[in-house]
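This report refers to the structure that appears directly beneath it.
We count residues from 1, following the sequence as given. Below, each value reflects all heavy atoms present in this structure, side chains not excepted, and no hydrogens, waters or symmetry copies.
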Amino acid sequence: MRVQADRTKCMGAGMCALNAPEVFDQDEEEGLVVVLDAEPPAQRRFAVRDAAQLCPASAISLVEDEG
């Protein structure tokens, strides 16, 4: 899985950082999403998928591994 975030769509709701704090954070200036781990390990992927689905701005996209 590869995690991408579109900061131009982000509205700083923080749902990503709340659901997967090892993978997402918010910058201190604008509160916009920061991806900490673009290729999270398998044990964090469930939380990352939840975070992407809960994002009210649809700013997070996931590219699933092939195979």
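In this structure Cys55 satisfies the side chain to side chain contact (heavy atoms under 4.5 Å, CB included) test together with Ala57, Ala59, Ile60, sequence neighbours excluded. With sequence neighbours excluded, no residue forms a salt bridge (Lys or Arg N to Asp or Glu O under 4.0 Å) with Asp25. Contacts of Glu64 classified as salt bridge (Lys or Arg N to Asp or Glu O under 4.0 Å), with partners at least two apart in sequence or in another chain: Arg49. Listed by chain and residue number, Arg7, Asp27, Leu32 satisfy the side chain to side chain contact (heavy atoms under 4.5 Å, CB included) test with Glu30 (two or more places apart in sequence, or in another chain). For Ala17, the side chain to side chain contact (heavy atoms under 4.5 Å, CB included) criterion is met by Gln26, not counting sequence neighbours.
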Pair Met1-Val23, side-chain contact (heavy atoms from CB on, under 4.5 Å): steps then yes or no: CA-CA 12 Å; Met1 169 190 289; Val23 177; over 6 Å; no

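Hydrophobic cluster membership of Met15, counting Ile, Leu, Val, Met, Phe, Trp and Tyr whose side-chain heavy atoms lie under 4.5 Å apart directly or via other members: Leu18, Leu54.
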Please tabulate, for the side chains in residues 34-44, all donor-acceptor contacts under 3.5 angstrom to protein atoms that are two or more places apart in sequence or on a different chain.
unit_1	atom_1	unit_2	atom_2	d
Asp37	OD1	Glu39	N	3.2
Glu39	OE2	Arg2	NH1	3.2

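Within the structure, no pair that satisfies the salt bridge (Lys or Arg N to Asp or Glu O under 4.0 Å) test touches residues 51-61, not counting sequence neighbours. Sorted by first and then second residue, the salt bridge (Lys or Arg N to Asp or Glu O under 4.0 Å) pairs with a member in residues 8-22 form an empty list; sequence neighbours excluded.
Ala13 and Pro56 get closest at one heavy-atom pair: CB-CG, 3.7 Å.
Residues Val3 and Phe24 are in side-chain contact: their nearest non-hydrogen atoms beyond the backbone lie under 4.5 Å apart.
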